[in-house]
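Notes follow the structure.
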Amino acid sequence: MLYQRSSALFKEAQEVIPGGVNSPVRAFKGVGGTPIFAKSAKGAYVYDEDGNRFIDYINSWGPMLLGHAFPPVVDAVIDKAKAGTSFGMPTALETEIAELAVSMVPNIDKIRFVNSGTEACMSAIRLARGFTGRDKIIKFSGCYHGHSDSFLIAAGSGASTFGTPNSPGVTQGTAKDTLLADYNNLEHVGQIIEANKNEIAAIIIEPVAGNMGCIPPGGGFLEGLRDLCDANNMLLIFDEVMTGFRLAKGGAQELFAINADIVCFGKVIGGGLPVGAFAARNEIMNHLAPLGPVYQAGTLSGNPLAMAAGLAMLKSIDADKELFNRLEEKTKYLHKGIETILNDSEIAFTINRIGSMISVHFHEGEVLDFKTAANGNNETFKRFFHSMLNQGIYIAPSAFETWFITDALSYEDIDETIKAVSEFAKS
Ligand SMILES: *Cc1c(COP(=O)(O)O)cnc(C)c1O
């Protein structure tokens, strides 16, 4: 495959955009080479500026659950655009999508729309702090909750519980209020709570981790967090930016039958437009301005184009009783196909899968937290990535990303993907 036009466009972009991209992981730094520039996409495929076609397993990093340029979403956006693109006034559309979201997701009474997953998570912890009157939060190593200061914290060492910032510009003052725990390690969470009695407002977690590859919660882990929160008057925040409307209509809360206190959304909820949201029961949501003292706002929040796209998306998901079964079956088929091929090779691997999230870790043995995810062989991943790309299969340019299966993907597409894995294994 040739990437001449992408290369030229990347050079040009680097002159005026830092690193040539508006979000770092797009730059291919983790895998080397030149990012491909997208020109258009339809269904399961994305087409680049050189005219290459790829079967897309990134799907805009999650939103395109039903495929690219999904007609109900496209039609809704075009239709709305003609009636004005922003008013800064409430619209009937916002209530309509809020009512639908509240009906689909368990355990929430009210929802507030924002413009990104980052904003949703940032607002959720402010609300949790305002509600509990406490400053500290627990987050898990390897979980991503957007790029706001409180979340850009990595462990100084495995034993350290006080966070140190992993980006310049995040102050020590902010970092000290983020406590880091190991995913799937309840005992560690318990120790952190003991050491910070009555100071912790909330635990925030990806109920299925998707930003260190796919890592499902172990048996009893989420239940244990729920119990710890109840026993210590802390809130449990599910960051469902990735899992919301993807693992089930009601997200991870429904799938695992566990109630969170605040739930964050993004990605699928916007149908490919910039949308995020956070939601909770009345007693918590009523603390938010203008009802309560916790401030949160947005000029373009609830934007009509974004709400029209999100509403069309949620309606389609809500109406399709077989959707989540189909997604799971396709993902399972892909899993079995890749597993069979890699089992016949010398390559060490572990595949994690849940619903329509799957990842291939090039590492033998269980992958259940950031430490085990980081053990993966990145050289193998780089070779795998470029081999797949050159065979027309677009996976995320990072070993720490989940593949997102879309309903638009056909079994022929999956067979083609499995064949590409077999070519890679042969080489
Ligand atoms: C993508 C993601 C975010 C951030 O959302 P943006 O829309 O990129 O700001 C937050 N949390 C999780 C779990 C995510 O996957």
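The chain is numbered in sequence order, starting from 1. Both counts, for ligands and for their atoms, begin at 1 and track the order of listing. Bear in mind that the values here come from a model prediction, so they are computed numbers and not experimental data.
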Sort out the contact shell of ligand 1: every protein residue with a heavy-atom distance below 4.0 Å, listed by chain and number.
-> Ser116, Gly117, Thr118, Tyr144, His145, Gly146, Glu206, Asn211, Asp239, Val241, Met242, Lys267

Which pairs with one or both residues in residues 73-88 pass salt bridge (Lys or Arg N to Asp or Glu O under 4.0 Å), sequence neighbours excluded?
-> none

Could you tell me whether Lys336 and Glu339 have a side-chain N and a carboxylate O separated by less than 4.0 Å?
-> yes

Quick one: salt bridge (Lys or Arg N to Asp or Glu O under 4.0 Å) pairs with a partner in residues 278-298, sequence neighbours left out?
-> Asp261-Arg281, Arg281-Glu283

With under 30° as parallel and over 60° as perpendicular, where do the rings of Tyr394 and Phe54 fit, or are they tilted in between?
-> tilted

Heavy-atom distance under 4.5 Å between the side chains of Phe265 and Val241, does that happen here?
-> no

Just list the side-chain donor-acceptor pairs under 3.5 Å for residues 208-222, sequence neighbours left out, or say none.
unit_1	atom_1	unit_2	atom_2	d
Asn211	ND2	Glu206	OE1	3.1
Asn211	ND2	Glu206	OE2	3.4

